[in-house]
> 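Let me begin by handing over the structure; questions about it come next.
Bear in mind that the values here come from a model prediction, so they are computed numbers and not experimental data.
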Amino acid sequence: MVSHEEREYLYWLCHVPMLGAVTIKRLYDYMGSYKEIYNIEGKGLQRLGLLKSSAVSVFEDSKKMKTGCDKELAGLKDQKIEFVTPHDAGYPARLFKIYDYPMGIFYKGKLPDEDRPTVAVIGARNCTNYGRQMASYLSKELASCGVQIISGLASGIDGAGHQGALKGKGDTYGVLGSGINICYPKENYGLFEQMKERGGILTEFVPDEAPRPCNFPMRNRIISGLSDAILVIEAREKSGSLITANLGLDQGKEIFALPGRVTDPLSAGCNRLISEGAGVILSPDSVLEYFNLQNGKILRVHEKNKNGLAKKEKMVYSCLDLQPKNLEEIVSLSGLSVSECMGALLELELNGLILQTSHQYYGKKL
């Protein structure tokens with residue numbers, strides 16, 4: 001947690017053109033204070049190798065904005081806008097795992113729950129009717145099981161994913177490529193408003209920032225960073241969706257793709273992902289299985305407790321399939337003790353995830 005004064009200087013830095021998240025963090029790590037960054041001349045930062053020569057005059061001119069930025073920060077609450085930084089407890093912990101995590105996030109509604117499975121649903125803006133229906137259906141089913149749905153609030157697959165999540169009575173989050181007060185495209189304004197109540201909208205771009213083309217590749221890293229798994233519904237060979245999927249791979253996220261006809265350009269990207277090892281989406285169960293979800297019950301992938309039970313349950317569950325195995329085999333496969341294994345099996349059975357078919361024989365439940 002930083003002081004209010006430091007928060008004001010960081011807020012100003014987020015408004016300085018040509019300063020990205022990595023540069024701001026590098027400046028802070030070197031100077032040790034956002035106020036000190038403001039107080040030093042741009043040429044001084046250039047001599048230290050912390051600022052490019054092309055950014056020096058922009059940096060100096062931006063100091064004139066400081067008073068206006070302070071007033072803007074003070075007025076965010078009145079507009080029901082929250083601003084969270086990496087120094088705050090409420091900052092999404094998942095984002096710390098990416099190299100260029102945002103130095104400030106604006107949001108309305110709420111941020112994704114760290115303890116719940118989260119899936120990004122992405123794809124083409126100019127999608128087919130089939131793709132739109134599948135995005136909506138998959139999101140609805142996943143959301144009804146407690147999975148949070150994240151996308152970019154764009155036309156096509158993004159919007160369908162958000163709508164499906166709302167139909168499933170779940171939480172859905174839109175990551176914008178513009179300022180928090182700008183809905184783009186305008187056709188999604190209804191979604192934009194609903195999601196403030198049933199999830200949230202968020203962005204790293206300052207208020208009033210226009211939806212410039214260069215903003216969207218930047219926001220994609222946040223979509224993948226906030227997710228545990230990424231579902232690519234329809235995508236061309238060279239598309240923003242594949243950029244997001246590749247970012248997810250770099251971040252260690254699970255990738256799933258919806259297969260399509262080899263002659264369909266909108267399926268080319270998905271089919272390539274599958275050929276390279278992505279999971280195949282045949283039904284919501286393809287994803288639910290990854291999260292160890294069944295029958296609407298959740299075994300939370302991020303849940304931890306003092307006994308580490310969730311981790312042990314996950315280990316045991318991964319050793320099972322539809323063909324029942326006996327306790328001795330499960331103990332051998334999981335590496336747990338008999339008592340630990342029995343405890344995990346009992347918990348899984350109580351949650352309706354597995355069946356004991358006969359004495360000490362256990363199998364997954366459909």
Side-chain angles (χ1 to χ4, degrees), residues 109 111-113 116-177 183-185 187-203 216 219-236 239-245 247-248 253-260 266-267 269-270 273 278-279 281-288 290-291 293:
L111 293 171
D113 188 334
R116 288 174 56 194
T118 307
V119 164
V121 176
I122 60 173
R125 287 176 169 81
N126 298 316
C127 62
T128 65
N129 186 51
Y130 169 69
R132 183 178 285 105
Q133 288 189 40
M134 286 302 296
S136 179
Y137 166 68
L138 291 166
S139 298
K140 177 185 174 184
E141 295 301 307
L142 292 172
S144 68
C145 290
V147 177
Q148 301 174 113
I149 303 298
I150 291 187
S151 198
L153 205 63
S155 304
I157 297 300
D158 287 20
H162 292 307
Q163 288 171 340
L166 293 173
K167 288 177 184 176
K169 311 291 186 191
D171 291 333
T172 184
Y173 301 85
V175 184
L176 309 181
C183 176
Y184 179 82
E187 69 191 61
N188 281 340
Y189 185 75
L191 272 175
F192 183 85
E193 290 297 309
Q194 285 185 73
M195 288 165 62
K196 297 175 190 176
E197 308 299 326
R198 298 272 300 282
I201 52 175
L202 61 135
T203 181
F216 295 95
R219 70 93 191 264
N220 289 346
R221 79 191 195 287
I222 300 177
I223 293 175
S224 57
L226 288 171
S227 308
D228 297 306
I230 298 170
L231 276 58
V232 186
I233 305 301
E234 284 184 332
R236 297 181 183 274
S239 64
S241 298
L242 289 196
I243 292 172
T244 307
L247 286 169
K253 307 302 171 73
E254 192 76 10
I255 309 297
F256 294 88
L258 183 71
L266 280 171
S267 294
C270 292
L273 286 171
I281 305 172
L282 299 177
S283 73
D285 290 340
S286 304
V287 185
L288 295 176
Y290 172 70
F291 286 121
L293 305 177

> Got a sec, which residues hit salt bridge (charged side-chain N to carboxylate O under 4.0 Å, His left out) with Lys167, two or more places apart in sequence or on another chain?
none
> Taking side chain as C-beta onward, heavy atoms only, is Asp113 less than 4.5 Å from Asp171?
no
> Determine whether Cys127 and Ile233 make a side-chain contact, defined as any pair of heavy atoms from C-beta on separated by less than 4.5 Å.
no
> With sequence neighbours left out, what residues match Arg219 under salt bridge (charged side-chain N to carboxylate O under 4.0 Å, His left out)?
none
> Heavy atoms, side chains only, cut-off 4.5 Å: are Leu191 and Leu166 in contact?
yes
> Are Phe291 and Asp228 close enough that some pair of their side-chain heavy atoms sits under 4.5 Å apart?
yes
> Closer than 3.5 angstrom, by distance alone: can the side chain of Ser151 be matched with the main-chain N or O of Val121 as a donor-acceptor pair?
yes
> For Tyr184, is the OH atom crowded, meaning more than 12 foreign heavy atoms sit under 6.0 Å from it?
no
> Does Glu193 have any salt bridge (charged side-chain N to carboxylate O under 4.0 Å, His left out) partners at least two apart in sequence or in another chain, and if so, which?
Lys196
> Should the pair Arg125 and Phe216 be classed as cation-pi, given the thresholds of under 6.0 Å to the six-membered ring centre and 45° from the axis?
yes
> Taking only residues two or more places apart in sequence, or in another chain, which ones meet Ser224 in a side-chain hydrogen bond (donor to acceptor under 3.5 Å, both in side chains)?
Gln251
> Taking all non-hydrogen atoms of both residues, which atom of Leu266 and which atom of Asn126 are closest, and how far apart?
CD1-O, 3.4 Å
> Using side-chain hydrogen bond (donor to acceptor under 3.5 Å, both in side chains) as the criterion, list what pairs up with Ser267, not counting sequence neighbours.
none
> Enumerate the salt bridge (Lys or Arg N to Asp or Glu O under 4.0 Å) contacts for residues 134-160, please, sequence neighbours excluded, ordered by first and then second residue.
none
> Taking the side chain as C-beta and beyond, is there a heavy-atom pair between Val287 and Val147 under 4.5 Å?
no
> Evaluate the side-chain proximity of Leu258 to Tyr130: yes if any heavy-atom separation is below 4.5 Å, no if none is.
yes
> Are Leu288 and Leu142 packed together at the side-chain level, in the sense that at least one heavy-atom pair is separated by less than 4.5 angstrom?
yes
